[in-house]
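Read through the structure below, which is laid out as structure tokens, and then see the notes.
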Amino acid sequence: YHFRPFITHNQTPIDLVSSSAMSGSGDAAPPPHVVEDFFGVIQLLSDGSVVRADDSALLAMPELQDVPGVQWKDAVYDATHGLMVRVFKPAAAAAGDDGGKLPVLVYFHGGGYCIGALDQSPFHTFCLRAADELPAVVLSVQYRLAPEHRLPTAIDDGAAFFSWLRGAGSADPWLAESAELARTFISGVSAGANLAHHVAVRVASGRQPVVDDVDPVVRVAGYVLLDAFFGGVERTAAEANPPADVSLLTVEMADQFWRLALPAGATRDHPVANPFGPESPSLEAVALPPALVVASGGDVLYDRVVGYAARLKEMGKAVELVEFEGAQHGFSVIQPWSPETSEVIQVLKRFVHKAIRPAEG
């Protein structure tokens, strides 16, 4: 079992006080018991409390490895909830032709909506590579995690980030100097790809507030889903008969993530998990930007990812599907320097330049 990249290290455990300690009576209710336990990292108790383990003893993250010429910094985009964005800016020599400004890649990390963090080295490294090799200004966005903050909280955070980007964020010196916000792409891996889908739908549906006269025209030119974390009640072939060598995300783990992340009592056909499920609003009339969908052949979610692209194509949406035979779920962050990840970045580079070329011409 190898669940390497998605263990969070910035979540504070919640101190629990037993019911009996508070009541002071002899007939106190029994203390809360564990109803969900995700490898000891997340424990959901019967009273709704959540305990997160200090994972430093469980997993040693590789040290952050910088890419020469790429600068990065953190900025607050939601002070109320303490949410950050990590801004990656490539070397000036790599700047584009449009007055030195570069396309923008918004990136959401993975972790089943329950774990993961933008400062973990696998996600950080992928963003460094993308900034350097596309090149682009990359914005890695923090969002609140379940089960403390169940869905759709993370999607609300993603939408709030775009409000910040249209307003105060556009005045950030790095963005004002280097970012061409009219060439913005939304992306993510695993749960971050699911999040990227929902944020793209919100923006394309016009449900994203626009700042009056100071709006710098944030235009979403495309969106990118890497091993998207989708679900559904009915099992797909890959879920019913998983590949023999699955080493990261199993069907059981995916089910547990959805139990922890979706609204209490919801099934995997909830619209967040299953965008084409029986309860999901139609995307027919939504003017979605072009999509790049990456599917891994060794992923238990392979059929869902490929099916997502097929449904978009049936609706007449612009979608490009790229498959990596035998690759594992999340390989772009599990192995951020692998040949396969290098190929993903080249595919992403072609997609970005193809999508922005009409705007430039």
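Closest approach of Val201 and Leu288 over heavy atoms only: CG2-CD2, 3.9 Å.
For Tyr223, the ring pair (Phe, Tyr, Trp, His ring centres under 6.0 Å) criterion is met by no residue, not counting sequence neighbours. Listed by chain and number, the residues in a ring pair (Phe, Tyr, Trp, His ring centres under 6.0 Å) with Phe108 amount to none (sequence neighbours excluded). Remark: Tyr308 pairs with His197, Phe230, Phe276 by the ring pair (Phe, Tyr, Trp, His ring centres under 6.0 Å) rule, at least two apart or across chains.
The pair Arg202-Asp156 counts as a salt bridge, with a side-chain nitrogen and a carboxylate oxygen less than 4.0 angstrom apart. Between Asp227 and Arg304 there is no salt bridge, since no side-chain nitrogen of the basic residue lies less than 4.0 Å from a carboxylate oxygen of the acidic one. Salt bridge annotation for Glu314-Arg311: present, with a cationic side-chain nitrogen under 4.0 angstrom from a carboxylate oxygen. In this structure, Asp172 pairs ionically with Lys73, as a charged nitrogen and a carboxylate oxygen lie closer than 4.0 Å. In this structure, Glu133 does not pair ionically with Lys349, as no charged nitrogen and carboxylate oxygen lie closer than 4.0 Å. A salt bridge does not link Glu320 with Lys354: every distance from a Lys NZ or Arg NE/NH1/NH2 to an Asp or Glu carboxylate oxygen is 4.0 Å or more.
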Starting from the C-alpha separation in whole Å, work towards a yes-or-no answer on ring pair (Phe, Tyr, Trp, His ring centres under 6.0 Å) for Phe88 and Tyr107.
-> CA-CA 11 Å; Phe88 297 82; Tyr107 181 85; 8.8 Å; no
Should His124 and Trp72 be marked as a ring pair (Phe, Tyr, Trp, His ring centres under 6.0 Å) after you check the CA-CA gap, both sets of side-chain angles, and the distance that decides it?
-> CA-CA 10 Å; His124 180 89; Trp72 59 270; 4.7 Å; yes
Worked verdict on Phe331 versus Phe324 for ring pair (Phe, Tyr, Trp, His ring centres under 6.0 Å) | CA-CA 10 Å; Phe331 72 91; Phe324 285 80; 5.1 Å; yes
Pair Phe229-His329, ring pair (Phe, Tyr, Trp, His ring centres under 6.0 Å): steps then yes or no | CA-CA 9 Å; Phe229 182 54; His329 181 84; 7.2 Å; no
Could you give me the CA-CA distance, side-chain angles and deciding distance for Asp47 and Ser49, then say whether side chain to side chain donor-acceptor pair (under 3.5 Å) is met?
-> CA-CA 6 Å; Asp47 64 353; Ser49 300; 3.0 Å; yes
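Note on ring orientation: taking the six-membered ring where Trp is involved, the planes of Phe161 and Tyr77 are perpendicular (angle over 60°, cut-offs 30° and 60°).
Cluster annotation: Phe257 is not connected to Val233 through the hydrophobic network of ILVMFWY side chains, with a link wherever side-chain heavy atoms come within less than 4.5 Å.
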